[in-house]
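All of these numbers come straight from a predicted model, not from anything done at the bench. Every chain is numbered from 1 and lettered A, B, ... according to where its sequence line falls, protein lines coming before strand lines.
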Amino acid sequence: ETGVTQTPRHLVMGMTNKKSLKCEQHLGHNAMYWYKQSAKKPLELMFVYNFKEQTENNSVPSRFSPECPNSSHLFLHLHTLQPEDSALYLCASSQIWDRVSSGANVLTFGAGSRLTVL
Amino acid sequence: TQLLEQSPQFLSIQEGENLTVYCNSSSVFSSLQWYRQEPGEGPVLLVTVVTGGEVKKLKRLTFQFGDARKDSSLHITAAQPGDTGLYLCAGATSGTYKYIFGTGTRLKVLA
């Protein structure tokens with residue numbers, strides 16, 4: 001497989017369930033991201049991992065728990081979610097997350113995991 | 001709070017027509033990217049612009065970065081059904097790689 005792969009593609013869960021989303025990249029990138037895409041709202045950055053270290057947490061509720069065991073894998077653990085958390089969760093990777101350099105950083109996105117919370 | 005406003009929000013046109021999508025902000029960006037997202041897929045990068053006034057062409061798509069690096073436009077010539085999708089702009093301010101995404105323009109090109 002090439003690119004960024006996300007599983008599952010679709011997930012329906014109750015508010016008391018615990019589930020996880022998985023992301024794997026085969027691009028040799030060092031930075032991985034979780035984004036949330038809701039209807040009528042811009043794409044929201046949730047977490048950034050650079051060389052397995054979390055560098056960004058955009059005030060995301062603790063019911064979302066990320067895990068990055070290595071530069072190729074990223075998980076989003078979900079528990080006691082709310083119906084308003086229903087959205088498309090997109091994983092992305094890039095060569096590096098670098099605060100010092102200027103210029104472009106190209107994101108490669110996965111196809112997303114469509115989450116519905118009942 | 002930085003905000004990237006895209007206009008129009010929705011656009012439905014006939015095949016062969018031309019169109020322009022706008023991305024505006026009050027913030028200055030060191031670089032700005034355009035993505036296209038098709039149904040059931042993640043966004044795919046189309047172009048990156050980094051210099052004020054820069055113009056880039058990708059076949060029938062022309063991208064322009066504003067002189068002040070606060071806005072950008074995407075012009076499509078002779079649109080085709082394959083151009084259908086959600087167009088997103090994303091900007092990064094100087095000193096950070098944190099890209100802020102725009103509100104999106106949903107384009108439908110009818111055959």
Side-chain angles (χ1 to χ4, degrees), chain A residues 2-10 21 23-25 27 29-51 55-59 87-114, chain B residues 1-10 21-25 27-52 54 56 58 63 65 69 72 85-106:
Chain A
T2 58
V4 179
T5 303
Q6 290 188 243
T7 54
R9 292 293 307 272
H10 300 272
L21 306 181
C23 176
E24 185 174 1
Q25 59 97 0
L27 300 167
H29 288 167
N30 298 301
M32 295 188 78
Y33 310 72
W34 280 116
Y35 281 87
K36 177 182 179 183
Q37 188 171 36
S38 308
K40 301 180 182 178
K41 291 177 83 174
L43 214 60
E44 300 171 67
L45 178 64
M46 299 175 71
F47 301 103
V48 180
Y49 278 82
N50 194 39
F51 291 97
T55 57
E56 287 284 321
N57 177 339
N58 273 3
S59 304
L88 181 68
Y89 288 85
L90 291 162
C91 173
S93 70
S94 67
Q95 187 62 41
I96 198 169
W97 166 271
D98 187 345
R99 289 186 177 275
V100 177
S101 300
S102 61
N105 193 16
V106 176
L107 294 170
T108 300
F109 284 89
S113 293
R114 173 73 61 186
Chain B
T1 303
Q2 299 163 10
L3 190 63
L4 273 170
E5 292 278 359
Q6 287 186 240
S7 60
Q9 272 190 289
F10 302 96
V21 175
Y22 300 93
C23 173
N24 295 293
S25 176
S27 300
V28 176
F29 296 105
S30 61
S31 69
L32 192 138
Q33 298 178 335
W34 283 93
Y35 291 80
R36 179 170 66 213
Q37 184 177 16
E38 298 183 20
E41 300 294 331
V44 175
L45 180 72
L46 296 173
V47 78
T48 302
V49 286
V50 297
T51 305
E54 183 177 2
K56 281 192 173 180
L58 183 66
F63 304 86
F65 201 12
R69 290 183 288 130
S72 181
L86 177 66
Y87 288 81
L88 298 164
C89 63
T93 52
S94 181
T96 176
Y97 263 7
K98 188 173 177 178
Y99 275 87
I100 306 298
F101 277 80
T103 49
T105 294
R106 197 167 292 279

Below 30° counts as parallel, above 60° as perpendicular, anything between as tilted: where do the rings of A:Tyr35 and A:Phe109 land?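 Correct class here is tilted.
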Test item: A:Glu56 side-chain N/O and A:Tyr33 main-chain N/O as donor-acceptor pair under 3.5 Å: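 Answer holds: no.
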Would you mind checking which part of [X] comes under 4.5 Å of any heavy atom in chain B, side chain (CB onward), backbone (N, CA, C, O), both or neither?
{"X": "A:Gln37", "answer": "side chain"}
{"X": "A:Arg9", "answer": "side chain"}
{"X": "A:Leu88", "answer": "side chain"}
{"X": "A:Leu43", "answer": "both"}

Inspect the surroundings of CZ in B:Arg106 and state if more than 12 heavy atoms from other residues, nucleotides or ligands are less than 6.0 Å away.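 Atom CZ in B:Arg106 is not crowded, with 12 or fewer foreign heavy atoms closer than 6.0 Å.
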Quick one, B:Gln9 with B:Thr103, criterion side-chain contact (heavy atoms from CB on, under 4.5 Å). Give me CA distance, side-chain angles, the key distance, then yes/no. CA-CA 8 Å; B:Gln9 272 190 289; B:Thr103 49; 5.6 Å; no
When you check the side-chain N and O atoms of B:Tyr99 and B:Ser31, is any donor under 3.5 Å from an acceptor?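 Yes.
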For B:Gln37, is it the side chain, the backbone, both, or neither that has a heavy atom closer than 4.5 Å to a heavy atom of chain A?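 For B:Gln37, the contact with chain A is made by the side chain alone.
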Out of B:Gly40, B:Pro43, B:Ala90, B:Gly104, return the one with the most heavy atom pairs under 4.5 angstrom to chain A.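 Winner by heavy-atom pair count: B:Pro43.
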